[in-house]
Structures are given as C-alpha cells and as structure tokens.
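Single-structure report; data block below.
Only this structure's heavy atoms are used, side chains among them; waters, hydrogens and symmetry mates stay out. All residue numbers refer to positions in the sequence shown, counting from 1.
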Amino acid sequence: LTYREISTEKNVQSTFSFTFPTNRLYEVKYNSILIPTGIKHYIFLNDDNKIFVGAAVMSTLVLNSKVKESDPTTGTVYYDYDDSSFSILAGYQFGLGYVYKNKFSVEGKFLSDNSLVMSKGHFYGLSVGYNIF
C-alpha cells in the first residue's frame, strides 16, 4: 500500500509566433493510494540465497486531482479541472529480486503508468529490505 501526493507549479514561456511570446502557469495537485495485488515466485539457489520474480495489478484509488493553466501576468484562467470524487485506475507492475539469508532483500520494479496526471512513460523503482523476524 502506497500513498502518493504530487503538488507542483511550473511557469512555462513559449513562442507560438516570433512576435507573441506567451507565459503559462501550470498547477498540479494529485493524491492517490496505490494498492498492489499480485504474486511472487521464489527460486531457491541454496539455503542462503534465493531470487524471485513478481507480477502485480496496481489499483490506484484517486482521492482528488486538480490541474490549472493560467496566465501569471494577467490572472486569466485557461483551464481549470478540479475533481474531488473518487476514481479507480489500473496498471501493472513487474519485479525481480534477490534475498540473502531471509534477512536482506533487494528488488527492482517496473511500473506502468496508470495516473491521470502523468500520462506518458513508465516508472522504475528499487526496494531494499531487512526482515526483523
């Protein structure tokens, strides 16, 4: 289970023609909870070492999302999307990892994009763990 919060502003200056540059301020706020449901398959190399592969469906519960585009000099709002209703999105995750003596672990993850705000590309992650019990 992962809680994800994104809050950012970016001022972008672009030129649609050579004589009229434009300024745009983009504001993005996004809150969600990631819920993975999947399987792992362990391959035992010996008593101390094992590797594993995993696959999961990533359900994303979107708590709220807001995207706003405006002109920072005049205050004119060109686009304002504010949705506080719940929605559910889906994606997938694959992982490959290593466990040493059932205590230390490392896993590389590949996650598909499943959000409304970040609509291009995939994400990569690295998890490092230590088992107490």
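- The aromatic rings of Tyr130 and Phe104 are tilted relative to each other, their planes meeting at an angle between 30° and 60°.
- Atom NZ of Lys103 and atom CZ of Phe133 lie 9.0 Å apart (nearest 0.5 Å).
- Cation-pi check for Arg4 over Tyr30 is not met; the charged atom does not lie both under 6.0 angstrom from the ring centroid and within 45 degrees of its normal.
- When side chains are defined from C-beta on, Lys68 counts as touching Val77, because their heavy atoms get closer than 4.5 Å.
- Using a 4.5 Å cut-off between side-chain heavy atoms of Ile, Leu, Val, Met, Phe, Trp and Tyr, with links allowed through other members, Leu63 and Ile88 fall into the same hydrophobic cluster.
- Once rounded to the nearest 0.5 Å, the distance linking CG of Leu25 with CG of Asn11 reads 5.5 Å.
- The local environment of OH in Tyr100 is sparse, with at most 12 non-hydrogen atoms from other residues, nucleotides or ligands closer than 6.0 Å.
- Hydrophobic clustering of Ile, Leu, Val, Met, Phe, Trp and Tyr side chains at less than 4.5 Å, counting indirect connections, keeps Met58 apart from Leu126.
- Between Ile33 and Thr60, the closest side-chain pair of non-hydrogen atoms is not below 4.5 Å.
- Atom CG of Leu1 is surrounded by more than 12 heavy atoms from other residues, nucleotides or ligands within 6.0 Å.
- Inter-residue side-chain proximity for Thr8 and Lys29 is flagged as unmet; no heavy-atom pair is nearer than 4.5 Å.
- Ile6 and Val62 fall within the same hydrophobic cluster, defined by Ile, Leu, Val, Met, Phe, Trp and Tyr side-chain heavy atoms under 4.5 Å apart, directly or through other members.
- Cluster membership check: Tyr26 does not share its hydrophobic cluster with Tyr81, using side-chain heavy-atom separations under 4.5 Å among Ile, Leu, Val, Met, Phe, Trp and Tyr.
- In this structure, Lys50 and Asn102 have side chains that are in contact, with non-hydrogen atoms separated by less than 4.5 Å.
- For Ser112 against Gly91, the heavy-atom pair with the smallest separation is OG-CA, 3.3 Å.
- Proximity of Tyr79 to Val67: side-chain heavy atoms (C-beta onward) are separated by under 4.5 Å at one or more points.
- Rounded to the nearest 0.5 Å, atoms OG (Ser70) and OH (Tyr78) are 8.5 Å apart.
- Legend: residues meeting salt bridge (charged side-chain N to carboxylate O under 4.0 Å, His left out) with Glu27, ordered by chain and number and at least two apart, are absent.
- Side-chain N/O atoms of Asn31 and Tyr3 include a donor and acceptor closer than 3.5 Å.
- At a threshold of 4.5 Å between non-hydrogen side-chain atoms, the residues Tyr124 and Leu111 do not count as touching.
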Requested in this report: Check step by step if side chain to side chain contact (heavy atoms under 4.5 Å, CB included) holds for Val99 and Ile51.
Outcome: CA-CA 6 Å; Val99 179; Ile51 58 175; over 6 Å; no

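- Here the straight-line distance linking atom CG of Asn64 with atom CD of Glu5 works out to 8.5 Å at 0.5 Å rounding.
- With rounding to the nearest 0.5 Å, the separation of OH in Tyr98 from CD in Glu107 is 15.0 Å.
- Atom CZ in Phe52 sits 6.0 Å away from atom OG in Ser105 (nearest 0.5 Å).
- In this structure, Lys109 and Ser127 have side chains that are in contact, with non-hydrogen atoms separated by less than 4.5 Å.
- Heavy atoms from other residues, nucleotides or ligands lying under 6.0 Å from CD1 of Ile39 number 12 at most.
- Residues Phe110 and Tyr92 have side chains in contact (heavy-atom distance under 4.5 Å, counting atoms from C-beta outward).
- Applying the side chain to side chain donor-acceptor pair (under 3.5 Å) test to pairs two or more places apart or on separate chains, those with a residue in residues 39-48 are Asn46-Asn49.
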